[in-house]
Undergrad: 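If you scroll down you'll find the structure; I have some questions about it.
Keep in mind it's a predicted model, so treat the numbers as computed, not measured.
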Amino acid sequence: MFIRCLQRGHNNCTIPDRSFHDAYVVESYRIDVGKPRQRNIAYLGNVRQIGDAFPGIERELFLLRADSVLEEIPNVSPAERVELMQQLHRRVPPLSTEEMILGFRNTLSWYIDWWRKRGDAPSNDEIRALIESVIEEP
């Protein structure tokens with residue numbers, strides 16, 4: 001089994017420099033006369049490319065969904081699943097630690113701005129307690 005990625009352009013031609021990458025799990029086999037054929041086993045999802053890059057959050061959501069789909073395919077062994085995810089990572093890299101920290105900071109800033117606009121922002125101690133409660137969850 002292997003990963004096949006197909007690239008397609010954006011349907012709206014007025015949006016330049018955008019494309020989508022669809023990923024499939026594909027299996028090779030031979031028909032009766034020995035000719036090789038391939039069949040799609042599962043659709044793993046798609047990820048948007050803007051210019052030369054895949055947006056961080058979209059990469060991570062795509063990879064999470066792909067891993068979840070692979071987990072549900074009965075004839076994919078754990079070792080094959082690891083190999084297939086490595087193939088995907090070569091094409092769509094997972095988030096780096098720096099990207100995750102930046103995303104966390106941006107998200108936290110968005111929440112704080114949202115609260116402040118409504119006049120009911122939690123205190124710094126309440127925010128710390130909220131973060132600590134999430135960290136302490138199993």
Undergrad: Using 0.5 Å steps for rounding, measure from the CD1 atom of Ile57 to the CG atom of Asn106.
TA: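 One finds 10.5 Å between CD1 of Ile57 and CG of Asn106.
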Undergrad: How far apart are the closest heavy atoms of Ser77 and Glu80, and which atoms are they?
TA: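 It is N-OE1, 2.9 Å.
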Undergrad: Looking at OH of Tyr24 and CD of Gln38, how far apart are the two atoms once the value is rounded to the nearest 0.5 Å?
TA: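 With rounding to 0.5 Å, OH (Tyr24) is 13.5 Å from CD (Gln38).
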Undergrad: If you compare all heavy atoms of Leu95 against all heavy atoms of Glu60, which two are closest, and at what distance to 0.1 Å?
TA: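 Looks like N-OE1, 3.5 Å.
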Undergrad: Keeping Glu71 on the side-chain end and Ile73 on the backbone end, is there a donor-acceptor pair under 3.5 Å?
TA: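 Looks like no, no N/O pair under 3.5 Å.
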Undergrad: Distance-only, no hydrogens or angles: does the Thr107 side chain make a donor-acceptor pair with backbone N or O of Gly103 under 3.5 Å?
TA: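 At least one qualifying donor-acceptor pair exists.
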Undergrad: Just wondering, more than 12 heavy atoms not from Tyr43 lying within 6.0 Å of its OH?
TA: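 Result for OH/Tyr43: enclosed.
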Undergrad: Do Leu44 and Leu84 come within less than 4.5 Å of each other through their side chains, counting heavy atoms only?
TA: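 No, too far: nothing below the 4.5 Å cut-off.
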Undergrad: For the pair Glu98 and Ile101, evaluate side chain to side chain contact (heavy atoms under 4.5 Å, CB included) and give the outcome as yes or no after the intermediate values.
TA: CA-CA 5 Å; Glu98 294 79 17; Ile101 290 170; 5.9 Å; no
Undergrad: Gln87 side chain to Ile3 main-chain N or O, any donor-acceptor pair under 3.5 Å?
TA: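 Here the side-chain-to-backbone pair exists.
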Undergrad: Could you grab the distance from atom CG of Asn40 to atom CG of Leu6, nearest 0.5 Å is fine?
TA: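 Answer for the CG-CG pair, Asn40 versus Leu6, is 8.0 Å.
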Undergrad: Using 0.5 Å steps for rounding, measure from the CG atom of Leu88 to the CG atom of Leu70.
TA: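 Between atom CG of Leu88 and atom CG of Leu70 there are 7.0 Å.
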Undergrad: Show, in sequence, the C-alpha distance, side-chain angles and deciding distance for Arg65 and Leu61, and conclude whether the side chain to side chain contact (heavy atoms under 4.5 Å, CB included) test is met.
TA: CA-CA 6 Å; Arg65 180 184 190 279; Leu61 291 172; over 6 Å; no
Undergrad: I want to check something: taking the side chain as every heavy atom from C-beta on, are Val82 and Met85 in contact at a cut-off of under 4.5 Å?
TA: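 When only atoms from C-beta onward are counted, Met85 and Val82 do not touch, as no gap falls below 4.5 Å.
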Undergrad: Any idea how Trp114 and Trp110 line up, ring-wise: parallel (<30°), tilted (30 to 60°), or perpendicular (>60°)?
TA: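 Aromatic pair Trp114/Trp110 classed parallel.
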Undergrad: Could you state whether Trp115 and Ile131 fall into the same hydrophobic cluster, counting links through intermediate Ile, Leu, Val, Met, Phe, Trp or Tyr residues with side-chain heavy atoms under 4.5 angstrom apart?
TA: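 Hydrophobic grouping puts Trp115 with Ile131.
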Undergrad: Under the 3.5 angstrom rule, does the side chain of Arg59 hit a backbone N or O of Phe54 as a donor-acceptor pair?
TA: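 Yes, the answer is positive, given that a donor and an acceptor are paired below the 3.5 Å cut-off.
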Undergrad: Where do Ala23 and Phe62 come nearest, in terms of heavy atoms and distance?
TA: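 What the structure gives for the nearest pair is CB-CZ, 3.7 Å.
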Undergrad: Of all the heavy-atom pairs spanning Arg37 and Ile31, show the shortest one and how long it is.
TA: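 Shortest heavy-atom contact: CG-CG2, 3.5 Å.
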Undergrad: Identify the two heavy atoms, one from Ala42 and one from Val69, that lie closest to each other, and give their separation to 0.1 Å.
TA: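 So the minimum-distance heavy-atom pair works out to CB-CG1, 4.1 Å.
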Undergrad: Out of curiosity, does Ile127 fall in the hydrophobic cluster containing Phe104 (side-chain heavy atoms, cut-off under 4.5 Å, transitive links)?
TA: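 In one cluster with Phe104: Ile127, yes.
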Undergrad: If I take atom NZ from residue Lys35 and atom CZ from residue Arg30, how far apart are they, to the nearest 0.5 angstrom?
TA: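 One gets 11.5 Å once the value is rounded to the nearest 0.5 Å.
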Undergrad: How long is the straight-line distance from CD of Glu27 back to CZ of Arg4, given to the nearest 0.5 Å?
TA: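 Those atoms lie 12.0 Å apart.
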Undergrad: Let's go through Arg48 and Ile50 carefully: what are the C-alpha distance in whole Å and the side-chain angles of both, what is the deciding distance for side chain to side chain contact (heavy atoms under 4.5 Å, CB included) to 0.1 Å, and is it a yes or a no?
TA: CA-CA 7 Å; Arg48 181 175 58 143; Ile50 301 172; 3.6 Å; yes
